[in-house]
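Comments concern the structure below.
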Amino acid sequence: MIVKEELTTPPPASEERFPVGPANVGASGVPAETFVLNLGPQHPATHGVLRVKMTMDGEYIVRAEPVCGYIHRMQEKMGENRTYAQYLPNTSRIDYLSAMTYTHAFVGAVERAAKIQPPPRAEYIRVITSELNRISSHLVWWGAFLLDLGGFTPLLYAFDDREKILDLLESITGARLTYCYYRVGGLCNDVDDAFLKGTREFVAQMRPRLKMYKALVTDNIILRKRLIDIGPISAELCRKYGATGPVIRGSGVGYDVRKAEPYSAYPEFDFEIPTFKEGDSMARYLVRMEEIVQSLRIIEQALDKLPAGPVMADKVPRVLKLPAGDYCYSVEAARGRFMVRIVSDNREIPYRVKLRTPCLSNLSLFEEASKGMLLADALAVMGSLDLVIPDIDR
Amino acid sequence: MIKAIKEITFGFWSLVTGMRITIGQFFKPVVTVQYPHETLKIPARFRGHIELVRDPGTGKAICYACKLCERACPSDCITVDGVKLDGAKKKSVTSYHLDFTKCSLCGSCVEACRDGAIRYSREYNLASTNKDDFVIDLFRRLEEEAKSESHPAPAPSSTPAAAVTSPSTPADSPAK
Amino acid sequence: MSEAGPVKNVETSQAAPTAVTRPNPLAHLALPFQAVDYAVKGYHVEAAVPPEQVVAAAEMLDREGFALDTITGVDWLADKQMEVVYDFFHPTKGLRVVVRTRISRDKPEIATISTVFPGANWHERETHDFFGIRFLGHPDLTPFLLPEDATYHPLRKDFAG
Amino acid sequence: MQNLSDHLAQGWHFVQSLWPEPLRLILFVAGIVAFVGANAAYLVWVERKGAGRFQRRPGPNEVGPAGLLQPVVDGLKLMSKQLIVPAGVDRVLFRGAPLLVMAPVLMSLAVVPFSASLAARNINVGLLMVFAFGSINVMAVMLGGWASRNKYAVISSARMVSQNVAYEIPMLLVVITMVMLTGTMNLNEIVQQQAGWFWHWNLFDWKHNPLAPVTFLIFYICMLAETNRAPFDMAEAESELVAGAYTEYAGMGFGVFFMAEYANILLGCSLATVLFLGGWQSPFGVLSGLVWFLAKMYFLIFTVVWIRWTFPRTQFYGLLNLSWKILIPVSLFTLVLSSALMKLLP
């Protein structure tokens, strides 16, 4: 873990290296003796290859500077040398935990530009699969977050439930994580009855499981002591850094793209946006747990009102040329607002594809939010931000 | 003071309920599948790497090397070439190389193919020690299957979309 | 700030937008904001400003309570220009505003807005990585996603291999 | 059962009369080392099997029937690994720490009465000796962390010292209460006083110590904190400090630290059994012997595993607050209460 160059220089005499200095953390000047701790890029708590350069004074953090780029794949350049149909598989590899919503954004942007209206059944199935994907993403977050806090067992219970969702989605799309299920104008194939019945069973079986999670973890005194009033993030800080999703909803602002800019079939369902005013890690935790309940509600309503009919719009040109100009489409992914901007100059390959990902903005406020915090609390806060590193680096 | 005592009692009670739940789970049956000994049932639309489809009538591959799939693939994994046999109005495929190291299983090729000459296989046991095991020549593999099937049973038994449940790793089918 | 004008609903407006005058929620700001049909473009209000006014626009939107969404660079090789697009969204009113500006391609420089929106720091570093647009006054314009010693800018249209 | 342990005792007296005292001690030392070694290995198996069952998965079941050979294989793997001593490390302390950690546990087990006759040394200040040795292992692990000159190890050893200091005090207060109630520090006599039905155990001694279950709970929590287990494993918190003080140790160096942790749990649980649950006394008054001692001890060890796989980790200052603000006041109160009750109703 020691930074390379430190090893080569001979360690200076001990008393001069650790003089007993006042531990005034970050307030006035930098304290007398700080040391740099490298958290990552290979570290169990960073869920991927994120490196955080922490200047520490004892256990307190003076400055935590995230360093990104370890898993950068230049997704936007790939966008510029692939046709719209060929770029679809890339969209589910930006944030592999909410692949459906990311493909939904890209497909939506192309449909908005080419003025193609997918049939209502396709819109409903897109909502059902996106919400299932949101639940599976929240379950992965819940398990990994508890793992960060030291509780090992909840991860296994969460993955047991998530397995049921993955089997359902695998039965209709063929893949477990990187589904390539949506097409411009609709879906690649229709859902079968086994999927619909399986989804109803899953929804019915998930509610008692959520009660068990609440009793086992949410009400646990150790967890509450670990999360309440830890890592307060104010609504103003969220606005300054453009943080969205459960982070801003945990600070009291109910911003959700499904309500702010209604898209697809969401206006036809009634669901609330859970918000908590405290802005600490516990608020962000409760927002996500409540969102699972809301997603279950949406899925149930969508299953009840699922219209019949085709799943593919009728006249979708084989080679798609979008009219010149730039078009945006934003969706509410599990981690926040994901927006695709396509600038086209009326060729079948886009001129520029811009991917606005939520985790980049959510992480950018970590440096300011973690000043003066303990190491263990800073990791708990980073866990509550629910980061997926390929989503930051693209 | 009262608040502290209440917090301690409720806290202790939450610890006890937590332990009651885990001991409850302790005696429940195991949910995991013991992989090497038991395997899961593969769903119908499972997407393994692509494989050529045999024409039930003639027993030959349906594919006539029209290269639509080659153009549709975003990561150029497919290289197909065929030759026009005399007397036949269409070309017939002679070699079909799939570079599975670059394939992202997006399915553009299967959708681009208008005659359903390729479909997803059911293979998922694809561990191998060297990389060039994954540059698979699907046509040669189709030939082997035809040879091995026609060898024991003289009549060319047409195998409909056989669900290949026994996972066969590419290592045993010669890749070159 | 008066309550926002009615937000155009997505489903209804597939028909070509006739000469419907849309109330411009940001009409009172000094900048040339025009309302745009959300169903076609994906945002509500748009403004094309010269590069010098970008910081002023950012401050105005900051006072209105907007949040910075992202900064997009577009390299128009044909007409020798680089376009920088700033996206803003309003957390409570659900409004989406886009501020565009064009700068010359051979000397791509523009003032930074990270003093107004600290969140812009990373977006500007990334746009500098990909396009080589220098943001004057930026605290540390080191490569953000590219390796530390990267001097190439991959998203420029004339970027060879 | 009764006659079996009597036979054992008589056979033993016969052997004793034949050869001088040192042979008996050598046999006992070998016995204890074997007991601790086998237990440390198979407690790992219990832990992994238990963790599996709590998480609805089978746990190790490939090596040997139901994974029983897993600890043996792990031991061989650890022994076959190269003992790497990183550069810039204080050699003497780095090599010495594992030895220092294992020695105190073995010595304190010499005093614990496994059954009426199976006690290595019958010292009348047995309890004092156990706690004297108990504080050595925290110093040893801190040395290991400090000597390996790795930032994570230094943070973890600092945490470990403050955690053990914080939890030594309530533990000693509880032990003083028990010594006061039983009147002796000789573990054998403490167990003998608890003869008879299970309500004669110190856990249910209403007359003098109505808060006995609370005292037992405090002792148990402090034992968990002393051995860095379950909700108090701040020192080697995987998600923050990777492997804490043992980060730089490989092969058997890490193996010895690991065994010492389980040996400490064994010692803690056997002490709790002796002090509160009546050692080798059977709950029905008859047939008391080694089996009861092991049964109670292994139940307590199973609870340690049970707690570990249920709760997340406490925060560092939450952990210190728990000790300074809750455990110490309560244990002081029980000390004063039981001394008053002893005076009022003898």
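What you see is a predicted model, and the numbers here were worked out from it, not measured in a lab. Quick note on labels: first sequence line is chain A, next is B, and so on, each numbered from 1.
- Only the side chain of C:Phe130 has a heavy atom closer than 4.5 Å to any heavy atom of chain A.
- By number of non-hydrogen pairs under 4.5 angstrom with chain C, the leading residue of A:Glu80, A:His72, A:Arg239 is A:Arg239.
- Under a 3.5 Å cut-off, the side chain of A:Arg112 and the backbone N or O of C:Ala39 do form a donor-acceptor pair.
- At least one donor-acceptor pair closer than 3.5 Å links the side chain of A:Arg121 to the backbone N or O of A:Pro307.
- The aromatic rings of A:Phe269 and A:Tyr266 sit perpendicular, their planes meeting at an angle over 60°, well past the 30° parallel limit.
- Contact detail for C:Ile133 and C:His128: the closest heavy-atom pair is O-ND1, 3.3 Å.
- Contact of A:Ser364 with chain C is made through backbone and side chain together, with heavy-atom distances under 4.5 Å.
- Taking A:Met339, A:Lys259, A:Glu368 one by one and counting their heavy-atom pairs under 4.5 Å with chain C, the maximum is reached by A:Met339.
- Only the side chain of A:Thr244 comes within less than 4.5 Å of a heavy atom in chain C; its backbone stays farther off.
- Ranked by heavy-atom pairs shorter than 4.5 Å toward chain C, the options A:Glu76, A:Glu236, A:Arg337 are led by A:Arg337.
- Neither the backbone nor the side chain of A:Tyr70 comes within less than 4.5 Å of any heavy atom in chain C.
- Within the 4.5 angstrom heavy-atom criterion, no atom of A:Tyr329 approaches chain C.
- Contacts of C:Phe144 with chain A are made by both backbone and side-chain atoms, with heavy-atom separations under 4.5 Å.
- For the set A:Ala109, A:Gly242, A:Gly108, A:Gly254, the entry with the most heavy-atom pairs within less than 4.5 Å of chain C is A:Gly242.
- Annotation: cation-pi pair A:Lys240/C:Phe117 present, NZ/CZ under 6.0 Å from the ring centroid and within 45° of its normal.
- Taking each heavy atom of A:Glu123 and A:Ser264 in turn, the nearest pair found is OE1-OG, 2.5 Å.
- Considering every non-hydrogen atom in both A:Ile392 and A:Cys359, the closest pair reads CG1-CB, 3.5 Å.
- For A:Leu360, the parts lying under 4.5 angstrom from a heavy atom of chain C are both the backbone and the side chain.
- A cation-pi geometry, defined here as NZ or CZ lying under 6.0 Å from the six-membered ring centre and within 45° of its normal, holds between C:Lys157 and A:Tyr351.
- Not one N or O on the side chain of A:Glu367 forms a donor-acceptor pair closer than 3.5 Å with the backbone of A:Pro66.
- Contact annotation for C:Asp75: only backbone heavy atoms (N, CA, C, O) come within less than 4.5 Å of a heavy atom of chain A.
- Of the listed residues (A:Ile248, A:Asp326, A:Val253), the greatest number of heavy-atom pairs within a distance under 4.5 Å of chain C belongs to A:Asp326.
- Side-chain atoms of C:Arg156 come within 3.5 Å of backbone atoms of C:Phe131 as a donor-acceptor pair (strictly under, hydrogens ignored).
- By number of non-hydrogen pairs under 4.5 angstrom with chain A, the leading residue of C:Glu126, C:His90, C:His123 is C:Glu126.
- Interface remark: A:Leu365 contributes no atoms to any contact with chain C (heavy atom separation under 4.5 Å).
- When C:Asp87, C:Leu68, C:Asn121 are compared by the number of non-hydrogen pairs under 4.5 Å with chain A, C:Asp87 comes out ahead.
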